[in-house]
Amino acid sequence: MTQTPVLAVLGPTAAGKSALSMALAKALPVEIVCMDSMQIYQGMDIGTAKPGPEERLQVAHHMLDVVGPKESFSVSQYADMARPILEDIGSRGKLPLLVGGTGLYLKALTQGLPLGGVAGSQEVRDRLHAIARQEGGPLILHAMLREADPASAQKLHPNDLRRVIRALEVYEATGKPISRQDEPAGESGFRFGLLGTAMRREVLYERINRRVEEMAAQGLEEEVRGLLARGVTRDCQSMQGIGYKEWIPVLEGAAARADALERIKRNTRHYAKRQLTWFKAVQDVHWLDMEQPQAAARALEFAGEFWVAAQGEAAPPQGKGT
RNA sequence: GCCUUGGUAGCUCAGUCGGUAGAGCAGUAGACUGAAAAUCUACGUGUCGGUGGUUCGAUUCCGCCCCAAGGCA
């Protein structure tokens, strides 16, 4: 079977991914698939810099607004939903374009991760968190993990509660250490072309600061207020989004607006840094210097070649496998 | 003009009863397999405002100067 070609635009937040993808859409038969862990939520538009009606009118967008803001969502669900969409777009003779900055989502798609094989269980997590809160709790959990899954324990720092607990959870639910499921599932059925947006750090940070100010001017505070009014609470996954969680203390009268804005800027910078670390480690990314005026042209060149090659591959009468 | 209190890492500050100094934040690097905009790890040399003096030795004590904030005139 031939692999569906998928182009992806990745990079840190505020580095111009959306604009670039719109430019690509003008030249190629592209449909955009969101690869962002917050833009999937309904009602979170300003703070996630979600593509608006104009963009969506020009190009078909998928995977936006697919989850209610009170619901939780996981990488696994993302991959399960996105894969058929990518295939469908490909089968209609178009080029799926993944756009977003969530590295784990990309990895799940490119490498077909087993992801532990079981969904998270709130009960198990609550129970393990209770242990974590005890004196020396993190070390107790880590010792438990060493017992159940020495390989994972070796890789994880005791303070990385999130992962220690997940590893224990998987072991408890499946009887199999998560470390033994770490092998990628193999063939993903897709053939990826990766474009990365890069620029000097100082320039990126300046863009981030400016963007946060713009979001505030567009009514971010109102957006958050509205979500809370609709019953979204601080423990909802959606409220972990940067630009959202920082407003809660303000709305409770416990913090000043200016401080919230500064915190949003700082958290966004930290986030961008983490994204950069993640994407730097991804193989075969075609990086674009977004400060260069010809960045879009070079992206188009790459995307065009990718698209032509993919079609050449699909066209021959006898597909010769690889 | 006088008095007081400050001037130590990019920022906020601690400290050295005289042996050239350390936290938080920022920043940098990294990890990441069903919460990932999450979670976690590592990294701290700077004319201790300037200049004279005392001293074996001063960022620390003393004098003078500069700057800032407050007070008195």
Side-chain angles (χ1 to χ4, degrees), chain A residues 10 12-14 34-41 44 47-50 67 69 71-82 100-122 124-126 128-129 132 138 141-142 149 151-152 154-167 169-171 173-174 176-185 201-202 204-205 208-209 211-212 215 220 235-247 259 262-282:
Chain A
L10 64 263
T13 184
C34 158
M35 188 175 67
D36 180 296
S37 67
M38 286 294 152
Q39 290 185 352
I40 53 159
Y41 282 111
M44 298 179 49
T48 65
K50 195 182 288 175
V67 194
E71 283 159 60
S72 53
F73 195 68
S74 70
V75 210
S76 171
Q77 290 174 69
Y78 174 80
D80 288 347
M81 287 174 79
T102 303
L104 183 60
Y105 284 10
L106 209 222
K107 191 174 184 181
L109 255 18
T110 57
Q111 308 198 9
L113 302 175
L115 296 167
V118 258
S121 146
Q122 200 52 53
V124 176
R125 288 179 184 180
D126 288 346
L128 295 177
H129 270 296
L141 289 173
H142 197 254
D149 180 356
S152 292
Q154 228 243 326
K155 271 195 285 187
L156 297 176
H157 191 282
N159 287 350
D160 198 350
L161 279 182
R162 201 74 142 211
R163 295 198 172 78
V164 170
I165 288 178
R166 161 100 277 236
E169 177 182 74
V170 168
Y171 181 74
T174 67
K176 238 196 288 176
I178 192 171
S179 55
R180 294 256 211 80
Q181 311 172 351
D182 279 1
E183 269 90 80
R201 192 66 60 87
E202 38 180 331
L204 213 216
Y205 285 2
I208 287 173
N209 293 343
R211 178 142 105 173
V212 171
M215 286 175 176
L220 179 57
D235 351 272
C236 289
Q237 203 172 307
S238 58
M239 280 299 121
Q240 292 183 353
I242 297 165
Y244 294 87
K245 59 180 168 208
E246 293 86 352
W247 281 109
D259 292 340
E262 285 314 304
R263 244 173 287 130
I264 293 171
K265 289 175 190 171
R266 184 197 61 195
N267 290 343
T268 307
R269 275 183 260 128
H270 289 172
Y271 171 48
K273 166 66 184 87
R274 274 178 270 131
Q275 290 177 300
L276 248 10
T277 300
W278 183 291
F279 291 130
K280 263 192 269 179
V282 175

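Each chain gets a letter, A, B and so on, in the order the sequences are listed, and its residues count up from 1. Just so you know, these numbers come straight off a predicted model, no measurement behind them.
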Subject >> Rounded distance in Å between the P positions of rG52(B) and rG57(B) >> reply: 15 Å

Subject >> Nearest-neighbour nucleotide for the R266(A) side chain, rU39(B), rC25(B), rG30(B) considered >> reply: rC25(B)

**OP:** Identify all stems in which RNA chain B takes part, counting only runs of at least 3 consecutive pairs (Watson-Crick or G-U wobble, each distance under 3.5 Å), and give each as one range with another, ordered by first number.
**Re:** B:1-7 with B:66-72, B:10-13 with B:22-25, B:27-31 with B:39-43, B:49-53 with B:61-65

Subject >> Interatomic distance at P, rC43(B) relative to rG22(B), whole Å >> reply: 14 Å

**OP:** Would you indicate which nucleotide in rC40(B), rA26(B), rU28(B) comes nearest to any side-chain atom of H157(A)?
**Re:** rC40(B)

**OP:** Looking only at side-chain atoms of H270(A), point me to the closest of rA36(B), rA26(B), rG30(B).
**Re:** rA26(B)

Original post:
Expressed in whole Å, how much space separates the P atoms belonging to rC48(B) and rU59(B)?
Top reply: 7 Å

Subject >> Residues in ring pair (Phe, Tyr, Trp, His ring centres under 6.0 Å) contact with Y105(A), at least two apart in sequence or another chain >> reply: Y78(A)

Subject >> Interatomic distance at P, rU12(B) relative to rU8(B), whole Å >> reply: 8 Å

Original post:
Across the strands shown, which category fits K280(A) at heavy-atom distances under 4.0 angstrom: base, sugar-phosphate, nothing?
Top reply: sugar-phosphate

Subject >> Same-atom distance (P) from rG63(B) to rC3(B), integer angstrom >> reply: 12 Å

**OP:** Measure from the side chain of S74(A), starting at C-beta and using heavy atoms only, and say which of rG34(B), rG27(B), rU39(B) lies closest.
**Re:** rG34(B)

Original post:
How would you label the contact of T13(A) with the nucleic acid (heavy atoms, under 4.0 Å): base, sugar-phosphate, or nothing?
Top reply: nothing

Original post:
Contact class for N267(A) (heavy atom, under 4.0 Å): base, sugar-phosphate, or nothing?
Top reply: nothing

**OP:** Identify which nucleotide among rG34(B), rU28(B), rC40(B) has an atom closest to any side-chain atom of Q77(A), counting heavy atoms from C-beta outward.
**Re:** rG34(B)

**OP:** Mind checking T102(A) for me? I need base, sugar-phosphate or nothing, with any heavy atom below 4.0 Å counting as a touch.
**Re:** sugar-phosphate

Original post:
CG/D235(A) to OG/S72(A) distance, rounded to the nearest 0.5 angstrom?
Top reply: 11.5 Å

Original post:
T277(A) side chain: which of rG30(B), rG34(B), rA36(B) is closest?
Top reply: rG30(B)

Original post:
Which part of the nucleic acid does Y78(A) contact within heavy-atom distance under 4.0 Å: base, sugar-phosphate only, or nothing?
Top reply: nothing

Original post:
Which part of the nucleic acid, if any, lies within contact of F73(A), taking any heavy atom under 4.0 Å across all strands shown: a base, the sugar-phosphate backbone alone, or nothing?
Top reply: sugar-phosphate

**OP:** Could you check which of rC40(B), rG34(B), rA35(B) has an atom nearest any side-chain atom of Q237(A)?
**Re:** rA35(B)

Original post:
Which residue lies toward the 5' end of RNA chain B, I242(A) or A281(A), if each is placed at its nearest nucleotide?
Top reply: A281(A)

**OP:** For Y205(A), answer base if it contacts any base atom (sugar-phosphate contacts may also be present), sugar-phosphate if it contacts only those atoms, and nothing otherwise; contact means non-hydrogen atoms under 4.0 Å.
**Re:** sugar-phosphate

Original post:
Can you tell me how far CG of N209(A) sits from CZ of R266(A), rounded to the nearest 0.5 angstrom?
Top reply: 12.5 Å

**OP:** Identify which nucleotide among rA26(B), rA29(B), rG34(B) has an atom closest to any side-chain atom of R269(A), counting heavy atoms from C-beta outward.
**Re:** rA26(B)

Original post:
Within the pair N159(A) and rU41(B), is there a side-chain N or O less than 4.0 Å away from OP1 or OP2?
Top reply: yes

Original post:
What residues, two or more places apart in sequence or in another chain, satisfy salt bridge (Lys or Arg N to Asp or Glu O under 4.0 Å) together with K245(A)?
Top reply: none

**OP:** Just compare rA31(B), rA36(B), rA35(B) and give me whichever is closest to any side-chain atom of R125(A).
**Re:** rA35(B)

**OP:** Using only side-chain N and O atoms of K273(A), determine if any of them is under 4.0 Å from OP1 or OP2 of rG30(B).
**Re:** yes

Subject >> Spatial distance of atom CD1 (I165(A)) from atom CG (D126(A)) [nearest 0.5 Å] >> reply: 9.5 Å

Original post:
Taking only side-chain nitrogens and oxygens of R163(A), does any of them come within less than 4.0 Å of OP1 or OP2 of rU33(B)?
Top reply: yes

Original post:
When the C1' atoms of rA68(B) and rA31(B) are considered, how many whole Å apart are they?
Top reply: 45 Å

Original post:
Is the shortest side-chain N/O distance from R166(A) to OP1 or OP2 of rG34(B) below 4.0 Å?
Top reply: yes

**OP:** Answer yes or no: does a side-chain N or O of Q240(A) lie under 4.0 Å from OP1 or OP2 of rU39(B)?
**Re:** no

**OP:** Take atom P in rC32(B) and the same atom in rU41(B), then report the distance between them in whole Å.
**Re:** 15 Å

**OP:** May I ask you to check whether R211(A) and T13(A) show a side-chain donor-acceptor distance below 3.5 Å?
**Re:** yes

Original post:
For G47(A), which contact category applies under a 4.0 Å heavy-atom criterion: base, sugar-phosphate, or nothing?
Top reply: base

Subject >> Sugar-phosphate, base or nothing in reach of H142(A), heavy atoms under 4.0 Å >> reply: nothing

